[in-house]
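Inspection log for the structure reproduced underneath, given as structure tokens.
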Amino acid sequence: MSHESSLFDSYSIRRVRPPKNKIGTSAKHDSAISHVMGTATYVDDILKPQETLHLAVGKSNHAHARVLSMDLSAVRAADGVVDVLSFKDLPAKTDIGAVFDGEPLMVDEITEYAGQTLFVVVATTHRAAKKSVLKAIVEYEVLPAVLSVDEALEQDYFVRPTHTMQRGDTESALKNAPIRIQGHIHMLGQEHFYLEGQVSYVVPSDDGGLEVYTSSQHPSEVQQLVAEVVDLPFHAVNTVVRRMGGGFGGKETQAAAWACLCGIVAKRYNVPVSMRLDRQDDMVVTGKRHEFANRYDVGVDESGQVLGVDMQLAGLCGYAPDLSDAIVDRAMFHCDNGYYYPAAHVAGHRCKTHTVSNTAFRGFGGPQGLITAEYMMDDIAYTLGKDPLQVRLNNLYKNGQSTHYGQPIEHFDLATIINTLAEDCDYENRRQQIIKANQKAEAEGNDKRLGIALTPVKFGISFTAQTLNQGGALVHIYTDGSIHLNHGGTEMGQGLYIKIAQIVANEFDVDLDTVKVSATRTDKVPNTSPTAASSGTDINGKAAQNACLTIKGRLVEFAAEHFDVAQEDIKFERNHVYIGDKEDFTFAKMIQLAYEHRISLSSTGYYKTPKIFYDRSKAWGRPFFYFALGASCSEVEIDTLTGEYKVLRCDILHDVGQSINPAIDIGQIEGGFIQGMGWLTAEELTWDKKGRLASNSAANYKIPTAHDLPKQWEVKLFDRKNEEQTIYNSKAVGEPPLMLAASVWCAINNAVASLGDYKKNPELTMPATPEAVLKAVMRMQGAPWEIDTGINVEAIDSLTKNDDSNGGIDDDKVKPQQVPHANDISPPEVEGKQVDDQPEAIEHPNVAGARGPAHSE
């Protein structure tokens with residue numbers, strides 16, 4: 001018997017109108033109300049029984065040291081402590097490397113970064129666990145530590161072998177070029193700073209298995225790692241992810257360790273176990289966006305056309321591989337942005353340092369490659385005295401060309417997007433006005449300078465590991481016409497759930513409120529890929545559509561036979577099913593009828609991305625299904641006396657194909673842009689000389705706020721269907737918008753360049769904090785950075801000396817320093833190599849079970 005719920009409109013009302021909130025409409029986020037009211041349940045909000053145990057980790061104090069002894073007796077004796085576990089207590093697998101081994105769950109003998117887990121305290125409360133950790137007495141033998149990209153390059157100290165991409169005769173192209181420009185750029189990393197920190201809650205089940213609640217972008221990886229560390233088959237562990245309070249890549253691999261520790265203790269004591277990291281712990285023990293030190297040697301003609309490029313990209317990976325192989329690869333893939341390099345040689349180094357292992361972050365290496373291309377375009381323009389936008393337009397790809405890794409350029413509308421945006425925002429007139437305003441300011445002795453920049457984005461969409469480009473879904477239709485949906489993607493606030501629900505509603509042409517999406521669970525959709533690489537909607541949406549089409553096909557086949565009509569005469573429209581000109585049923589009645597005739601109303605769905613392949617041994621192929629495109633124009637004002645700046649205006653035109661949900665897409669563009677702006681202008685990670693993170697809290701690490709938004713801001717969607725057969729011809733929108741923020745950094749660079757009459761490229765570092773802007777201004781003016789009056793030598797020494805009292809912080813605000821990576825570095829062991837050093841580990845990586853392949857993105 002069917003029942004119509006009062007939770008959504010009755011079918012008598014649905015008859016007179018089209019379905020609500022199908023694709024192309026700005027349906028609100030499925031959790032919007034609960035987010036605003038604070039009722040949305042996150043992992044740490046789950047009500048826990050009284051016997052739940054809580055965990056806290058004891059952390060290493062040294063970046064690189066041998067642990068000689070650990071006296072944990074006082075920890076064990078502390079109030080509320082139930083147990084203390086160290087490496088020797090681990091019951092099964094001890095390494096949780098996502099792709100390659102090298103990430104022990106706890107330190108055995110050698111600690112390789114400050115903050116690495118030495119032991120785990122099990123206590124009756126979170127507070128008791130945290131307090132007891134401080135009572136440990138650990139004796140170390142301190143070992144030499146490598147803490148910078150430069151040191152790692154000098155010592156050939158890498159977590160993975162160097163990789164190169166090559167096209168054409170770069171050496172000859174550079175040698176014969178009329179103009180040759182060399183430059184370098186150093187960019188720092190970025191803290192994820194998600195609102196919800198790392199957290200896990202594990203409940204033992206009565207059959208000996210474990211139910212794992214985690215804030216993770218990769219439920220299947222958490223399931224498999226927990227199973228391995230407690231010695232269970234995968235089917236005995238079920239991972240549940242309803243939502244995350246932000247992820248940005250920081251919860252792709254680095255959510256697993258805490259779930260593993262909870263799993264071990266839950267199995268050991270057969271009680272629920274909870275663990276959450278406080279913000280300061282989270283910032284210290286989890287990886288960041290990769291710092292990069294990049295150099296380029298480019299040959300151009302008199303018009304600024306690129307003839308050949310030699311690039312070195314060196315990523316600071318930390319102590320372990322994590323996803324660094326793939327991240328540096330993606331930086332290499334995107335070091336062209338939208339520009340054609342006829343001859344190119346690109347080397348990517350994976351530098352090992354004794355710091356926390358850096359990991360995925362929105363853009364996954366792409367931004368670090370792209371911003372190098374943009375800085376290089378600025379360098380060409382200012383060296384030749386040209387408009388940077390014109391240099392960019394002259395070097396854009398054209399359809400029929402190919403990238404330096406062999407991908408053909410198709411459906412390339414970037415020139416159209418740039419020109420449309422330039423016309424809409426009146427770029428040329430504003431540029432001329434800014435030049436005149438800066439000349440007037442100089443004549444009048446005004447300290448303010450304006451800058452403007454219009455920069456493009458070309459971002460490849462797909463995991464570069466072919467295996468991960470697959471998705472699954474599960475769709476049930478109940479006899480009241482309501483639909484239940486589950487898929488392999490995770491919701492981290494980006495609106496994935498509502499988009500997939502809209503796809504399902506669209507397939508049956510029913511109201512969105514009849515579709516419910518449930519938490520991502522490994523017992524419903526197995527072997528899921530991480531929600532990453534901007535692929536969430538692409539692969540999971542197609543999988544959900546596939547499941548709907550299977551059910552729809554059964555319904556059509558049944559109705560055609562039952563009512564003796566042709567299948568093509570059966571239509572799903574306006575919450576109804578029309579059987580030619582014979583009958584029409586409400587969707588619910590049709591489902592009830594199908595059920596009564598024993599038609600299956602449930603189906604799995606599956607999708608794998610077509611066309612893609614990449615032969616890494618040859619550094620050649622088509623790693624991306626398509627490119628997401630966009631452009632942004634930003635105008636800024638800087639103060640040449642203080643280095644302070646304001647973003648006055650920003651105009652964005654971004655290509656999302658045929659948008660499934662314009663409001664969600666625009667929200668992602670706005671959020672990504674601001675996060676990118678934070679990376680490029682404000683968020684400064686600082687470490688002391690002993691490898692300890694100094695910017696370890698919200699008090700000393702500044703993310704953008706509402707006050708940093710552009711004063712005038714407009715975001716438009718480029719209205720054009722994706723030529724590739726993606727879900728409803730849409731395009732991915734998660735990561736590409738972050739790189740639109742390059743226009744802000746380049747606009748600041750443009751303002752500084754005005755001090756040299758736009759004839760010299762400023763030495764502006766990333767992030768362009770006010771201090772960095774001021775230093776770039778002073779260099780451009782030929783002034784020394786040193787303060788001439790009364791330098792306090794003792795104060796400088798106290799801040800920079802390498803002793804145990806303060807960790808030897810390099811305070812750039814006190815001591816003058818050279819521009820980071822001012823000299824090109826090319827290790828002799830790597831110089832000139834055309835192909836990978838491919839050890840056995842690359843061809844046969846140590847990959848447990850079904851976890852990601854060697855190059856996971």
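- Here R616 pairs with D325 in a salt bridge; the nearest charged N to carboxylate O distance falls below 4.0 Å.
- Between F459 and F627, the distance separating the two ring centers is not shorter than 6.0 angstrom.
- Between the OG atom in S743 and the CG atom in N749 there is a gap of 12.5 Å [rounded to 0.5 Å].
- One distance of note links NE2 of H290 with CE of M187; it measures 13.0 Å at 0.5 Å rounding.
- The main-chain N or O of T765 is never found under 3.5 Å from a side-chain atom of E763 such that the two would form a donor-acceptor pair.
- At a cut-off of 3.5 Å, with distance as the only test, no side-chain donor of T609 or S462 sits close to an acceptor on the other residue.
- Remark: the backbone N or O of L740 is paired with a side-chain donor or acceptor of S632 at under 3.5 angstrom.
- Using a 4.0 Å cut-off between charged side-chain N and carboxylate O, K352 and E112 make a salt bridge.
- Note: F361 and F248 have parallel aromatic rings, judged against thresholds of 30 and 60 degrees for the angle between ring planes.
- Remark: R167 CZ to Y341 OH distance equals 10.5 Å, nearest 0.5 Å.
- Using modelled atom types, no side-chain atom of S402 and backbone atom of G406 make a donor-acceptor pair closer than 3.5 Å.
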Verdict with reasoning, Q305 to S303, per side-chain hydrogen bond (donor to acceptor under 3.5 Å, both in side chains): CA-CA 6 Å; Q305 188 84 37; S303 69; 4.7 Å; no
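- Comment: K458 does not engage D655 in a salt bridge, judged by the lack of any side-chain N to carboxylate O separation of less than 4.0 angstrom.
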Chi angles and distances behind the ring-ring contact (aromatic ring centres under 6.0 Å, His included) call for F673, H654: CA-CA 11 Å; F673 175 84; H654 195 72; over 10 Å; no
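- Annotation: K175, atom NZ; neighbour count of heavy atoms from other residues, nucleotides and ligands within 6.0 Å does not exceed 12.
- Between D378 and R392 there is a salt bridge, since at least one side-chain N of the basic residue sits less than 4.0 Å from a carboxylate O of the acidic one.
- Judged by distance alone, the side chain of H354 and the main-chain N or O of Y113 form no donor-acceptor pair under 3.5 Å.
- In this structure, F412 has its ring center at least 6.0 angstrom away from the ring center of Y340.
- Among F333, F625, W620, the one residue that satisfies the ring pair (Phe, Tyr, Trp, His ring centres under 6.0 Å) test with Y614 is F333.
- Using modelled atom types, no side-chain atom of D322 and backbone atom of S324 make a donor-acceptor pair closer than 3.5 Å.
- Aromatic ring centres of Y375 and H186 lie farther apart than the 6.0 Å criterion allows.
- A donor-acceptor contact under 3.5 angstrom links the side chains of N337 and E374, judged on distance only.
- A salt bridge links E723 with R720: at least one charged nitrogen is closer than 4.0 Å to a carboxylate oxygen.
- Here the side chain of E423 pairs no donor or acceptor atom with the backbone of T420 at under 3.5 angstrom.
- For T726 and E724, the side-chain atoms include no donor-acceptor pair closer than 3.5 Å.
- Side-chain N or O atoms of R330 include none that pairs as donor or acceptor with a backbone N or O of G363 at under 3.5 Å.
- Once rounded to the nearest 0.5 Å, the distance linking CD1 of I435 with OG of S754 reads 9.5 Å.
- Counting only distance, with no hydrogens or angles, the side chain of H163 and the backbone of R350 share no donor-acceptor pair below 3.5 Å.
- Distance CE/M165 to NE2/H404: 5.5 Å, rounded to 0.5 Å.
- For CD of E171, the number of neighbouring non-hydrogen atoms (other residues, nucleotides, ligands) closer than 6.0 Å is 12 at most.
- Of the options F364, F624, Y405, a ring pair (Phe, Tyr, Trp, His ring centres under 6.0 Å) to H334 is made by F624 and by none of the others.
- Within a 6.0 Å radius of CD in Q432, other residues, nucleotides and ligands contribute more than 12 heavy atoms.
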Evaluation steps, ring-ring contact (aromatic ring centres under 6.0 Å, His included), between F158 and H349: CA-CA 7 Å; F158 304 132; H349 306 305; 5.6 Å; yes
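- Salt bridge annotation for E410-R622: present, with a cationic side-chain nitrogen under 4.0 angstrom from a carboxylate oxygen.
- Using modelled atom types, one finds a donor on one side chain and an acceptor on the other under 3.5 Å when comparing Y758 with N438.
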Stepwise side-chain hydrogen bond (donor to acceptor under 3.5 Å, both in side chains) test for N419 and Y427: CA-CA 10 Å; N419 287 322; Y427 169 83; over 6 Å; no
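- Of the N and O atoms on the side chains of N394 and Q390, at least one donor lies less than 3.5 Å from an acceptor on the other residue.
- Side-chain atoms of E683 never come within 3.5 Å of backbone atoms of L680 as a donor-acceptor pair (strictly under, hydrogens ignored).
- A side-chain donor from one of S617 and D615 sits under 3.5 Å from a side-chain acceptor of the other.
- Salt-bridge formation is not detected for the pair R362/E735: no Lys NZ or Arg NE/NH1/NH2 atom is positioned less than 4.0 Å from an Asp or Glu carboxylate oxygen.
- Taken from OG1 in T372 to CZ in F292, the straight-line distance is 8.5 Å, to the nearest 0.5 Å.
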